[in-house]
S.K.: 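I am attaching a structure below and will ask some questions about it afterwards.
Because only heavy atoms are used, hydrogens play no part in the values below, and waters and symmetry mates are left out as well, while side chains stay in.
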Amino acid sequence: MTTFNVDLTNCEQEPIHILGQIQSHGYLIGLLPDTYIVAHASANLPELIGQPVADVLGQPLDKLLAKTDLPASTLVELLNVGRRNESWDNINPQVIRIHERTWNLIVHEHGGLLLLEWEPASATSQTPLNQRLIAEALTEVQASRQLIDLLQNTARRVKAIIGFDRVMVYRFAADWHGQVVAEEKADHLEPFLGLHYPASDIPRQARELYKANLVRLIADVGSNTAAIMSHADWPADEPVDLTHSTLRAVSPVHIEYLKNMGVGASMSISLLYRGELWGLMSCHHYSPRFVDYSARQAARFVSQLLSAALEFRKDEEDQTQLLGSLENGKKLHEQLLADENIVRALTRHPVTALELTKATGAVLVFNNQQYRMGQTPDETAIQGLTDWLKTTNTDTFLETSQLASLYPDAEAFSAVGAGMLAVVLSKEMNEYLFWFKPEQIQQVTWAGNPDKPVTVTDDGQARISPRKSFAAWTELVHHTSEPWTEAEVAAAIKLREDILQIVTRQANEIRLLNQRLQAAYEELDAFSYTVSHDLRTPLSSIRCYAEILLEEYGQGMSPDERALFQKIVDSTDRMRALIRHILYYSRMGRTEINTQPIDMLQLLEEIREEIMLGEKDRALTIDLAEIPALTADPIMTRQLFTNLLSNAAKYTRLAPVGNIRVTGQQTEEDVIYTVSDNGIGFDMKEAGKLFDLFKRLENARSFKGSGVGLAIVKRVVARHGGKIWYHSEPNRGATFHVSFPLSQLNND
């Protein structure tokens, strides 16, 4: 048995999936998959098999079941079926009788082991009741009732299925503290509805397990656990991974926590939104209570219906808000094009920048002047904000619902600006566009004081100690606003691009920022061209000499030596490709644009054919629809769309089937092309440096790439006087929009 000292640090680090114990109401056996030899067994197994654990470790199944009335062949056949199907969903649970008792056998394969768990099966079946409750839940979800009604009725149905004293729906906040938002309880119990619980109650590694194991039962808080015993040959440093176990024992800290609450049995059911933990159904019983596997699965199915309803409603809400932001963004863009006076277009027309988000105030800082809309901080406060932003790493945008936590001086204007979304127009010229949301003072009622989790033992050691008092403890939360949504951030970034396009078209020679940018671009062009050109000759020599050595002496080399030389050749190939990209990037700043009519459908079909040849070993579709023609530089245009489509193909490789779609439309002002995919996507909050040279986002680092492709795309668009904007979410794909203005293209 492994023991852990519970101190200030290991509550977050405690490996609760390998505690080496199971709950005592069941039994566990770990088999080697290919031989069905017993490698692990719980210490209480003799109660089931009638012989000591030591006698069966390292033995086959017929030895394990020798003193039971279950034929080993029956169990072997069952395991063979599951392994052939590579799934245990259609097998679990398997009802088996041993010594006149009925057991549920649950099997799963994980960590190189077949884990067999035996639980008591209920003597009476509630299947008809459970089916009726599930049918009612499905009908309610389809009827699209209010969310709070769905939560409350789901809690009621789960309580009817499992028979616990209390069932709560517990929703996580952004900082992982939780609140009880629905509750069904026995009449004599005090309500917990509305109470908040600190994030430390459910540490990070426990939340990860809730995503992997959707139903968790603690049948008897006060019972002793059963240690997992291993065969003598099993490595001592490889404990059994119980991540997916139904019997996994409980952290001592959590047991102490439940005892302090007076809970005798506990059950949790995960509620997910887009694969992430939205909340839990937390169930308490004030005496020990075992819930059999079928009832747990019924409760899980009801919660999955609720999870589906959550996702549907949230997506519907996001889409409605996104459409509203896009519509106002389109009107602002039309005003910018028609007026070409940034200030008038954003502040003095029927639709102002304020209407782009759900903010209550907005400020445009432009040409050393401030222009206010709605409720905003005063002029001095805005000046302080711009001075502070200039010292930060904010290059594109910054959003926060707790501005005072980043900029303490903001406490003075929290009433109108507790939350801020800012886009950078020009850092050098101190030009920004701000949106503000007011403070929402919240009276938060905690289940006990959340700031006192630490006690000191007699020997002076500090340790995590779960709260002993859960009496309501109230505090006021200040300097916090309603959070900014992804739709609001995306709309702000798009408006920034629209503004910068107009700014670029207006007297660039008198703007200090553009002068500095032009000088920096010229220096970068000259430097990158010189370095790249001078590097090619020695690089070719390195590759040539390595190939000569391989050819002349390769037969006498060991495989490892040949592999090292091959790595030299491969590395030079990669570096040559990088140099080629850098050369193209640097030359583009000096190359004249040769505009010609382009058959874009034909061009995209050629690019598609090239990409499909390189991706022929995977399922990938590239759909081309509604592709208008374009007048532009053919070479630059091919490079632009080759990079966009190649990126889309690369970042969809983790999807079962990669789907890429290219569409286009021509408006009165421009031609717009859209490239969308179902790949890994990215977090809009991290996308500020998306087009920077050699910069790659964190979730893309496992994919090969130079960090030059999107920089080339941005430069091509800029050379044509166009714009590029995007919208994405992690694991939800990405969409890039590229526009070419008709006026500039026709003039060229």
S.K.: Taking all non-hydrogen atoms of both residues into account, name the closest pair between Arg289 and Ile162 and its distance.
M.R.: NE-O, 2.8 Å

S.K.: I'd like to know if the side chain of Glu482 reaches the main chain of Lys358, judged simply by a donor and an acceptor atom lying under 3.5 Å from each other, with no hydrogens or angles considered.
M.R.: no

S.K.: When you check the gap from the basic side-chain N to the acidic O, do Lys211 and Glu276 get nearer than 4.0 Å?
M.R.: yes

S.K.: Can Glu183 and Arg156 be counted as an ion pair, charged N to O under 4.0 angstrom?
M.R.: no

S.K.: Ignoring hydrogens, what is the shortest heavy-atom contact between Thr243 and Leu209? Give both atom names and the distance.
M.R.: CG2-CD2, 3.5 Å

S.K.: Looking only at heavy atoms, what is the nearest atom pair of Ala422 and Phe434, with distance?
M.R.: CB-CD2, 3.6 Å

S.K.: Any side-chain donor-acceptor pair under 3.5 Å between Thr246 and Glu119?
M.R.: yes

S.K.: Determine yes or no for a side-chain-to-main-chain donor-acceptor pair under 3.5 angstrom, with Asn731 supplying the side chain and Gly681 the backbone.
M.R.: no

S.K.: Specify the closest pair of heavy atoms between Arg496 and Val423, including all atoms of both residues, with the distance to one decimal.
M.R.: CD-CB, 4.1 Å

S.K.: Roughly how far, to the nearest 0.5 Å, is NE2 of His284 from CG of Leu189?
M.R.: 11.0 Å

S.K.: Taking atom types as modelled and ignoring hydrogens, do the side chains of His727 and Thr735 form a donor-acceptor contact shorter than 3.5 angstrom?
M.R.: no

S.K.: Any luck finding a side-chain donor-acceptor pair between Asn85 and Ser87 under 3.5 Å?
M.R.: no

S.K.: Give, for atom CH2 of Trp435 and atom CH2 of Trp484, the distance between the pair rounded to the nearest 0.5 Å.
M.R.: 8.5 Å

S.K.: So, does Arg171 use its side chain to make a donor-acceptor pair with the main chain of Trp278 at under 3.5 Å?
M.R.: no

S.K.: Do Asp623 and Val662 make a side-chain contact, defined as non-hydrogen atoms from C-beta onward lying under 4.5 Å apart?
M.R.: no

S.K.: At what distance, to the nearest 0.5 angstrom, does CD1 of Ile269 lie from CG of Leu214?
M.R.: 9.5 Å

S.K.: With a 4.5 Å heavy-atom cut-off, do Asp677 and Tyr651 have their side chains touching?
M.R.: no

S.K.: Indicate the atoms forming the closest heavy-atom contact of Val180 with Leu193, along with that distance.
M.R.: O-CD1, 3.7 Å

S.K.: Measure the shortest side-chain to side-chain distance between Asp241 and His110 over non-hydrogen atoms and say whether it is less than 4.5 angstrom.
M.R.: yes

S.K.: A side-chain contact here means heavy atoms from C-beta on lying under 4.5 Å apart; do Asn92 and Tyr293 qualify?
M.R.: yes

S.K.: For Gln152 and Val169: C-alpha separation, side-chain torsions, deciding distance, then whether side-chain contact (heavy atoms from CB on, under 4.5 Å) applies.
M.R.: CA-CA 8 Å; Gln152 187 63 47; Val169 179; over 6 Å; no

S.K.: From Leu356 CG over to Lys494 NZ, what is the distance, rounded to the nearest 0.5 angstrom?
M.R.: 9.5 Å

S.K.: Strictly distance-based, threshold 3.5 Å: is any side-chain N or O of Ser282 a donor or acceptor partner for the main-chain N or O of Met168?
M.R.: no

S.K.: Taking all atoms of both residues into account, what is the closest heavy-atom pair of Ser481 and Gly419, and its distance?
M.R.: OG-CA, 3.2 Å

S.K.: Kindly say whether Val657 contributes a backbone atom to a donor-acceptor pair with the side chain of Asn678 at under 3.5 angstrom?
M.R.: yes

S.K.: Just wondering, do Ile218 and Met267 contact through their side chains at under 4.5 Å, heavy atoms?
M.R.: no

S.K.: Does Lys685 come within less than 4.0 Å of Glu399, counting only side-chain N to carboxylate O?
M.R.: yes

S.K.: Kindly say whether Glu488 contributes a backbone atom to a donor-acceptor pair with the side chain of Thr357 at under 3.5 angstrom?
M.R.: no

S.K.: Test your reading of the model: is there a side-chain donor-acceptor pair from Glu117 to the backbone of Leu247, 3.5 Å cut-off?
M.R.: yes

S.K.: Centre of Trp176's six-membered ring, under 6.0 Å away, within 45 degrees of the axis: is that where NZ or CZ of Arg207 sits?
M.R.: yes

S.K.: Could you state the interatomic distance from CG (Leu217) to CD (Gln23), rounded to the nearest 0.5 Å?
M.R.: 6.0 Å

S.K.: Among residues at least two apart in sequence or on other chains, which ones pass salt bridge (Lys or Arg N to Asp or Glu O under 4.0 Å) with Arg653?
M.R.: Glu615

S.K.: For Asn643 and Leu710, indicate whether the former's side chain and the latter's backbone hold a donor-acceptor pair under 3.5 Å.
M.R.: no

S.K.: So does Tyr210 get a backbone contact from the side chain of Ser270, meaning a donor-acceptor N/O pair under 3.5 Å?
M.R.: yes

S.K.: Assess the side chains of Thr225 and Gln21: does a donor N or O sit below 3.5 Å from an acceptor N or O?
M.R.: yes

S.K.: Go through the structure and list residues passing side-chain contact (heavy atoms from CB on, under 4.5 Å) with Asp220, not counting sequence neighbours.
M.R.: Ser223, Pro288

S.K.: In terms of the angle between their ring planes, are His244 and His108 parallel, tilted or perpendicular, with boundaries placed at 30° and 60°?
M.R.: perpendicular

S.K.: Are the side chains of Met281 and Tyr170 in touch, meaning some heavy atoms are under 4.5 Å apart?
M.R.: no

S.K.: Taking only residues two or more places apart in sequence, or in another chain, which ones meet Tyr407 in a ring-ring contact (aromatic ring centres under 6.0 Å, His included)?
M.R.: Trp388

S.K.: Got a sec, which residues hit salt bridge (Lys or Arg N to Asp or Glu O under 4.0 Å) with Lys714, two or more places apart in sequence or on another chain?
M.R.: Glu497

S.K.: Counting C-beta onward and ignoring hydrogens, is there a side-chain heavy-atom pair between Ile161 and Phe301 closer than 4.5 Å?
M.R.: no

S.K.: Taking ring-ring contact (aromatic ring centres under 6.0 Å, His included) as the test, write out the residues that go with Phe164, two or more places apart.
M.R.: His285

S.K.: Looking at Lys437 and Pro483, would you say the former's side chain and the latter's main chain have a donor-acceptor pair under 3.5 Å?
M.R.: yes

S.K.: Could you tell me whether the side chains of Arg618 and Thr652 share a donor-acceptor contact shorter than 3.5 Å?
M.R.: yes

S.K.: Output all residues satisfying side chain to side chain donor-acceptor pair (under 3.5 Å) with Thr621, sequence neighbours left out; order by chain, then residue number.
M.R.: Asn659

S.K.: Under 6.0 Å from the NZ atom of Lys330, do we count more than 12 heavy atoms belonging to anything else shown?
M.R.: no

S.K.: Rounded to the nearest 0.5 Å, how far apart are CG of Leu28 and CG of Leu115?
M.R.: 5.5 Å

S.K.: Would you check if Glu256 and His254 make a side-chain contact, meaning some heavy-atom pair closer than 4.5 Å?
M.R.: no

